[in-house]
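The structure under discussion appears below in the form of structure tokens.
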Amino acid sequence: MPVKYKITLFALAVIFTGCKRELPPSQKINTFYKEVITTEDRKVITPEEAKTYHVDTEYQYEYRTGKSGHYEYNYDVKGVNTKGDSVYGNINVEGKYGAGILISDTLNDIEIKAEWVEFGKLKATDDNGNEYYLKVK
């Protein structure tokens, strides 16, 4: 292989494998979308979310905010824990995951993380590892 081809290949290799430059924290791009849904999300609608607040009585969600591909939905839910005790509450979900608050006959304000398991059904876990099986009302 001639020397000029070796130099060209070497230059291309250096260009494509060069260091990636990451922006310092103060220059990172701000985003409207949160990376993780928290229980606090369901308590307050931010001014940004209020701009896209939408209610549609044909669907099971209470309301949604956001833009196509990044909607955050709010649902009233009911279900049972692993002991069979009834629970009910309210959650926010974005994509497959969400978080919210459940209330039972014996306990108040159980913070949970939830995940869709099938259409209209979620599996949730609290901070103590207790599991809850929920349906959208």
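A quick note: this is a predicted structure, and the numbers were derived from the prediction, not measured.
Once rounded to the nearest 0.5 Å, the distance linking CD of Glu131 with CG of Asn81 reads 10.5 Å. Rounding to the nearest 0.5 angstrom, the gap separating the CG atom in Asp109 from the CD1 atom in Ile103 is 5.5 Å. Going from atom CD of Glu118 over to atom NZ of Lys135 covers 9.0 Å, rounded to the nearest 0.5 Å. Between Leu102 atom CG and Tyr132 atom OH the span is 7.0 Å, to the nearest 0.5 Å. The distance from the CD1 atom of Ile91 to the CG atom of Asn74 is 8.0 Å, given to the nearest 0.5 Å.
Salt-bridge annotation for Glu115 and Lys96: present, with a side-chain N of the basic residue lying under 4.0 Å from a carboxylate O of the acidic one.
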Using ring-ring contact (aromatic ring centres under 6.0 Å, His included), reason through Trp116 and Tyr73 one step at a time and then give a plain yes or no.
CA-CA 12 Å; Trp116 289 112; Tyr73 295 91; 8.6 Å; no
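With sequence neighbours left out, the side-chain contact (heavy atoms from CB on, under 4.5 Å) criterion links Thr106 to Ser104. Shown here are the side-chain hydrogen bond (donor to acceptor under 3.5 Å, both in side chains) partners of Asn130, two or more places apart in sequence or in another chain: Asp126.
A pairwise comparison of heavy atoms in Ala124 and Leu134 identifies CB-CD1, 3.9 Å as the closest pair. The shortest heavy-atom contact between Leu122 and Ala114 is CD2-CB, 4.0 Å.
Residues Tyr71 and Tyr75 share a single hydrophobic cluster, defined by chaining ILVMFWY side chains whose heavy atoms lie under 4.5 Å apart.
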